[in-house]
Amino acid sequence: MKNLKGMHHVTAITSNAEKNYEFFTYTLGMRLVKKTVNQDDIQTYHLFFADDEGNAGTDMTFFDFPGIPKGRHGTNEIHRTSFRVPSDAALEYWVKRFDRLGVKHTGIEQQFDVKVVAFEDFDEQQYQFVSDETNEGRPSGKPWANGPVPKEFAITGLGPVVIRIADIDYFSAVLTEAMGYKKIAQQDDVHLFEVGEGGNGARVIVEFNDQLSPGMQGFGTVHHAAFCVRDKEELLQWQQRLETIGFRTSGYVDRFFFESLYVRVANGILFEFATEGPGFQGDEPYETLGEKLSLPPFFEHKREEIEALVRPIDTVRSTKSFEKEYE
């Protein structure tokens with residue numbers, strides 16, 4: 001059985017899809033590659049921000065569930081999402097940019113063998129940049145060519161998710177025995193795991209914390225993290241493996257843009273396994289990705305109903321010109 005490739009996407013919850021679009025487009029310079037709806041809750045937007053082409057391993061996605069309360073950070077949660085940037089110099093760029101734009105951040109810190117900058121958005125959703133300065137392993141994606149951030153500083157993909165957990169022995173076994181990760185480092189109560197080719201795109205960071213109360217899901221928190229497999233054949237092999245171990249899974253799910261399998265591996269921790277393709281350019285051309293409300297074919301008959309439920313959001317960028325912002 002082949003190893004997981006690393007991260008596929010992370011899905012979080014926002015209080016406001018419009019503000020979320022503005023933050024990721026104009027502040028972070030990530031490309032909206034798909035504007036669709038939650039296939040299990042069609043009144044809810046599902047926005048996909050990624051690299052220039054929407055490659056697997058670069059997606060940060062968001063639900064905006066109507067009326068959901070603010071979440072609470074704690075233990076037993078996927079606590080923080082990482083984004084890869086090309087170099088340590090890119091971190092310096094982002095510190096200056098965040099200072100100018102009023103984004104709360106920690107400054108440059110050291111985390112295991114890489115430099116990072118932690119920050120948060122308007123919902124107190126937790127993120128960090130990780131530098132690829134000395135990275136070896138899984139390649140990253142491509143910066144958004146027409147975005148506001150110069151390519152030498154821009155986000156190229158996902159780094160490790162940071163998970164807080166109260167039972168570190170159990171969760172370490174999930175990663176190593178069930179999912180094929182290897183523990184490669186530890187600093188106090190923080191453990192670093194790696195899979196496949198390794199590097200920033202194939203790591204998970206686990207913080208042992210049994211002092212905090214459990215996190216509560218809501219806006220400002222992560223809904224689930226997804227791990228990358230190559231195709232449907234591998235996905236079904238993972239389903240068999242997980243169910244043989246004793247996990248209950250969702251079974252195979254066709255999401256049209258990729259194929260999926262879901263499993264709750266611990267209290268508060270929902271993982272997805274997702275295929276690399278087909279991807280996001282099957283129903284929209286590269287030039288206008290994310291500009292229209294995209295629905296998978298099995299929802300097209302509900303388009304009129306769905307468009308009446310979700311408010312319009314103007315995400316047209318192909319007619320706009322972004323000047324590169326060097327500070």
Side-chain angles (χ1 to χ4, degrees), residues 7 9-24 27-28 38 40-41 43-49 59-83 98 102-107 109 111 116-130 158-172 174-175 187-193 203-227 248 250 262-272:
M7 298 308 303
H9 68 266
V10 176
T11 295
I13 306 169
T14 182
S15 64
N16 186 293
E18 291 88 346
K19 289 175 69 175
N20 179 246
Y21 170 73
E22 292 287 325
F23 182 77
F24 269 79
T27 299
L28 297 187
N38 181 337
D40 303 314
D41 183 1
Q43 64 179 330
T44 300
Y45 269 119
H46 195 179
L47 304 181
F48 288 76
F49 301 93
D59 311 5
M60 181 77 195
T61 92
F62 287 88
F63 299 138
D64 71 330
F65 295 114
I68 193 170
K70 182 174 175 57
R72 181 185 66 234
H73 294 296
T75 194
N76 294 345
E77 70 156 348
I78 302 169
H79 177 66
R80 190 182 300 275
T81 304
S82 301
F83 300 112
F98 284 166
V103 176
K104 187 176 179 181
H105 67 88
T106 61
E109 300 175 318
Q111 184 182 75
V116 303
V117 173
F119 65 99
E120 62 184 47
D121 69 8
F122 55 91
D123 283 332
E124 298 181 329
Q125 184 82 238
Q126 301 296 300
Y127 312 101
Q128 66 182 12
F129 290 125
V130 297
L158 291 177
V161 287
V162 180
I163 297 172
R164 283 179 173 166
I165 203 77
D167 188 340
I168 186 64
D169 292 335
Y170 165 77
F171 200 74
S172 294
V174 169
L175 290 175
Q187 293 178 351
D188 299 322
D189 286 332
V190 183
H191 307 248
L192 180 63
F193 297 83
R203 290 179 168 181
V204 172
I205 297 170
V206 181
E207 175 192 333
F208 167 56
N209 192 316
D210 60 359
Q211 302 302 305
L212 292 173
S213 58
M216 182 184 74
Q217 197 163 89
F219 69 80
T221 66
V222 169
H223 186 272
H224 66 269
F227 299 85
R248 291 180 65 182
S250 64
Y262 299 84
V263 56
R264 188 165 297 281
V265 295
N267 289 336
I269 310 294
L270 178 63
F271 281 170
E272 177 182 355

Go through the side-chain N and O atoms of Q111 and Q128 and say whether any donor and acceptor fall under 3.5 Å apart.
yes
D123 and S15: side-chain donor and acceptor closer than 3.5 Å?
yes
Measure the [atom1]-[atom2] distance between [X] and [Y] for me, rounded to the nearest 0.5 Å.
X	Y	atom1	atom2	answer
I165	H79	CD1	NE2	13.0 Å
R164	L212	CZ	CG	5.5 Å
Q211	D189	CD	CG	9.5 Å
E207	D188	CD	CG	10.5 Å
F171	I163	CZ	CD1	4.0 Å
Y21	T14	OH	OG1	14.5 Å

Between [X] (side chain only) and [Y] (backbone N and O only), is there a donor and an acceptor less than 3.5 Å apart?
X	Y	value
N76	A166	yes
Q126	E124	yes
R72	T221	no

Compare all side-chain heavy atoms of [X] with those of [Y] and state whether any distance is below 4.5 angstrom.
X	Y	result
L158	T81	yes
T44	D64	yes
N20	F49	yes
V222	Q125	yes
L28	Y127	no
V190	I205	yes
P160	F193	no
F219	N16	no

Geometric class of the F83/F129 ring pair [parallel <30°, tilted 30-60°, perpendicular >60°]
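Tilted: the ring planes of F129 and F83 meet at 30° to 60°.
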Assess whether side-chain contact (heavy atoms from CB on, under 4.5 Å) is satisfied between I13 and Q217, documenting all intermediate values.
CA-CA 9 Å; I13 306 169; Q217 197 163 89; 3.7 Å; yes
Heavy-atom pair of closest approach, residues [X] and [Y]:
X	Y	value
T61	T11	OG1-OG1, 2.5 Å
T27	F98	CG2-CE2, 4.3 Å
G159	M7	O-CG, 3.5 Å

Not counting sequence neighbours, which residues clear salt bridge (charged side-chain N to carboxylate O under 4.0 Å, His left out) with E120? List them please.
none
Please identify each residue that fulfils salt bridge (charged side-chain N to carboxylate O under 4.0 Å, His left out) with E18, with sequence neighbours left out.
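Salt bridge (charged side-chain N to carboxylate O under 4.0 Å, His left out) check on E18 returns R311.
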Answer yes or no: are there more than 12 heavy-atom neighbours, outside N267 itself, under 6.0 Å from its atom CG?
no
K70 atom NZ, neighbour heavy-atom count above 12 within 6.0 Å
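Correct, the count exceeds 12.
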Residue from F23, F24, F48 passing ring-ring contact (aromatic ring centres under 6.0 Å, His included) with F62:
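When F23, F24, F48 are each tested with F62, the ring-ring contact (aromatic ring centres under 6.0 Å, His included) holds only for F24.
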Of all residues at least two apart in sequence or in a different chain, which pass the ring-ring contact (aromatic ring centres under 6.0 Å, His included) check with F208?
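Scan of F208 (ring-ring contact (aromatic ring centres under 6.0 Å, His included), adjacent residues dropped) gives none.
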